[in-house]
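Take a look at the structure set out below.
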Amino acid sequence: MEILCVHADDSPERLLFLWNLFEGVPKFYRDAYEQGVLDADRKTVLRKLFFSSSSPLRNEADNWFLRELRGRYDMVLQYLASHPGGNNAEIETAARRSGRAFPRSPCRSTL
């Protein structure tokens with residue numbers, strides 16, 4: 001929190017945005033600081049940390065995606081390709097019907 005107070009806007013909106021990106025992982029905040037984007041606009045933060053060829057967190061999105069899908073990414077991607085705009089409830093229903101249902105998280109609904 002100290003690094004944010006010194007180097008970024010510590011408004012609730014900004015803190016929530018950064019928490020959603022980094023989930024409280026200190027290394028990710030440090031990466032943002034080292035890239036000089038702690039106080040940058042959202043588009044710049046995302047581009048510099050995740051989408052540029054030299055982005056320090058470039059592979060994190062892939063890792064998160066694979067963790068969240070728990071090996072069922074092929075089913076989800078096939079469903080979304082054939083049902084553009086499908087929502088979470090529709091994907092879960094399709095997964096149950098295919099026999100590849102996602103385990104329920106005790107804290108939140110996940111794919």
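What you see is a predicted model; the values in this text were computed from it and never measured.
For the pair Phe51 and Leu46, the minimum side-chain heavy-atom distance is below 4.5 Å. Contact of the Tyr79 side chain with the Glu90 side chain is registered, since non-hydrogen atoms from C-beta on lie closer than 4.5 Å. Side-chain contact between Pro56 and Gln35 is present, with at least one heavy-atom pair separated by less than 4.5 Å. Here the side chains of Glu13 and Leu16 are not in contact, with every heavy-atom distance at 4.5 Å or above. Put simply, the side chain of Leu21 reaches to within 4.5 Å of the side chain of Phe50, judged on heavy atoms.
Taking the six-membered ring where the residue is Trp, Tyr29 and Phe22 present perpendicular rings, their angle passing 60° and hence far from 30°.
In this structure Asn20 satisfies the side chain to side chain donor-acceptor pair (under 3.5 Å) test with no other residue, sequence neighbours excluded.
Lys43 NZ to Lys48 NZ: the interatomic distance, rounded to the nearest 0.5 Å, is 14.5 Å. Here the straight-line distance linking atom CG of Leu18 with atom CD of Glu23 works out to 12.5 Å at 0.5 Å rounding.
A donor-acceptor pair under 3.5 Å is formed between the side chain of Ser82 and the backbone N or O of Gln78.
For Arg14 against Val37, the heavy-atom pair with the smallest separation is NH2-O, 3.4 Å. Considering every non-hydrogen atom in both Leu49 and Ser55, the closest pair reads O-CB, 3.2 Å.
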